[in-house]
Amino acid sequence: MSTLMGHVYEFCDQFSRAWECSREFGSAAGELPAGKLLLCGMGGSACAGDIAASLSVLMNSTLPVTTLRGYSLPASTGPETLVVAVSYSGGTEETLSALEDAERRHLPIAVVTGGAALQDWAGERGHPCYPIAYEAPPRHALAWMLPPVLRVASRLGGWELDDRAMATALRRAQGRLAELHAQAVRLADFLDDRPVVVVSAEHLAPVARRWKNQLNENAKHVAFADELPEGNHNSIMGIEYPLSGRLSMVFLCSSLFHPRVQKRMQIAPSLMEVGTNLVTVIEVPGDDPLEQILCSIMLGDLFSLEVARKHGTDPTNIDRIERLKLLLA
Ligand code: PA5
């Protein structure tokens with residue numbers, strides 16, 4: 001089994017450890033005076049923020065939770081906002097710039113990182129810091145980035161996840177791993193060598209984006225993510241030129257979506273089978289949102305690695321991203 005595949009197989013186990021280890025960080029950061037939460041990060045690290053934000057909405061939390069992928073905080077960010085920087089490496093310039101911006105404005109700050117320099121920076125200033133010690137490409141360290149972010153979002157938002165619910169979701173998701181891997185192999189075969197569009201909604205919309213990113217980085221494959229109901233007002237028309245009949249589409253559906261979104265998920269796929277487009281609808285397993293998120297993350301990760309295997313490409317190689325960083329330096 002490849003190293004990255006190993007990270008997926010360990011995902012629930014690592015998540016469970018990180019959940020345990022992040023308790024103290026959750027209390028420290030969750031006690032900071034804040035009525036809003038802004039999660040700053042890029043790529044694999046930003047995914048943790050997106051998921052926390054979507055779960056907050058699903059839990060009817062009144063705490064506004066948003067993700068920032070960029071250099072500067074919006075001018076509207078006031079002192080009531082807790083800024084949590086999430087960066088596996090601790091060296092991502094956009095995230096560091098947003099953090100400096102938060103520091104300049106004297107906002108409450110917390111940090112989740114594996115980078116020693118950023119850990120020191122937070123320590124010297126007395127900002128709560130959750131250190132990551134798991135060795136993996138950033139996108140495959142999500143199991144260590146999401147739990148601390150969930151702890152802060154749920155604590156501040158008043159929907160604290162209890163340990164039992166977390167353990168149950170992780171155990172059930174882990175129990176489905178073999179089934180998910182078999183499904184990922186079938187999907188990689190079925191979707192053929194075509195650009196992939198991943199469509200989802202609500203708490204699974206961030207997962208659709210992760211599928212796209214994992215297909216891009218691990219498999220070097222052209223992929224896009226789309227979200228319903230918005231996509232029903234535009235993307236549903238944008239499939240005729242120039243790729244008509246050459247797209248693969250995956251719809252990630254959930255029994256927990258708003259009933260009208262579920263209905264759209266039933267109707268829209270058949271309308272998008274234009275020409276020889278390939279469309280597949282996946283009913284994401286699980287009874288609760290967290291279990292569904294865990295299952296669909298693992299399915300997407302495995303799918304991207306199976307596509308990488310088919311292409312014969314090294315999923316750890318991100319040379320163009322590294323070259324770009326060098327050119328920007
Ligand atoms: O998954 C990856 O490797 C990237 O998408 C990174 O997450 C992204 O470049 C940001 O880096 P970091 O997570 O170290 O801040």
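The analysis underlying the following values was restricted to heavy atoms, covering all of them including side chains, and did not include hydrogens, waters or symmetry mates. Whatever order the structure lists ligands and atoms in, that order sets their numbers, starting from 1.
Under a 4.0 Å criterion applied to the non-hydrogen atoms of S87, ligand 1 contributes the atoms 12 (P), 14 (O), 15 (O). Proximity to G43 (heavy-atom distance under 4.0 Å) selects the following atoms of ligand 1: 5 (O), 7 (O). Below 4.0 Å from some heavy atom of S45 lie the following atoms of ligand 1, by number and element: 7 (O), 12 (P), 13 (O), 15 (O). The distance from ligand 1 to the heavy atoms of E217 drops below 4.0 Å at these ligand atoms: 1 (O), 2 (C), 3 (O), 4 (C), 5 (O). Close contacts of ligand 1 with Y88, meaning ligand atoms under 4.0 Å from a residue heavy atom, involve 12 (P), 13 (O), 14 (O), 15 (O).
When hydrophobic clusters are built by joining Ile, Leu, Val, Met, Phe, Trp and Tyr residues whose side-chain heavy atoms come closer than 4.5 Å, directly or via intermediates, L252 is grouped together with L55. L215 and V8 end up in the same hydrophobic cluster when Ile, Leu, Val, Met, Phe, Trp and Tyr side chains are linked at under 4.5 Å.
Side-chain atoms of D163 and W19 include a donor-acceptor pair closer than 3.5 Å. Under the 3.5 Å distance criterion, with hydrogens and angles disregarded, a donor-acceptor pair is assigned to the side chains of E230 and N234.
The closest protein non-hydrogen atom to atom 12 (P) of ligand 1 is T92 OG1, 3.2 Å. Closest to atom 14 (O) of ligand 1 among all protein heavy atoms lies S89 OG, 2.6 Å. Regarding atom 9 (O) of ligand 1, its nearest protein heavy-atom neighbour is K325 NZ, 3.9 Å. Nearest to atom 8 (C) of ligand 1 among the protein's heavy atoms is M42 O, 3.8 Å. Among all protein heavy atoms, the one lying closest to atom 1 (O) of ligand 1 is R139 CB, 2.9 Å.
Aromatic ring orientation, Y130 versus F25: tilted (interplanar angle from 30° to 60°).
When non-hydrogen atoms are compared, ligand 1 lies under 4.0 Å from neither the backbone nor the side chain of H140. Neither the backbone nor the side chain of P137 comes within 4.0 Å of ligand 1, counting heavy atoms alone.
One distance of note links CZ of R209 with OG of S200; it measures 14.0 Å at 0.5 Å rounding. Here the straight-line distance linking atom OG1 of T81 with atom CG of L37 works out to 9.0 Å at 0.5 Å rounding.
Around atom 7 (O) of ligand 1, the closest heavy atom drawn from G90, A48, G44 belongs to G44.
Side-chain atoms of E80 never come within 3.5 Å of backbone atoms of K36 as a donor-acceptor pair (strictly under, hydrogens ignored).
The ring of F257 has its center closer than 6.0 angstrom to the ring center of H203.
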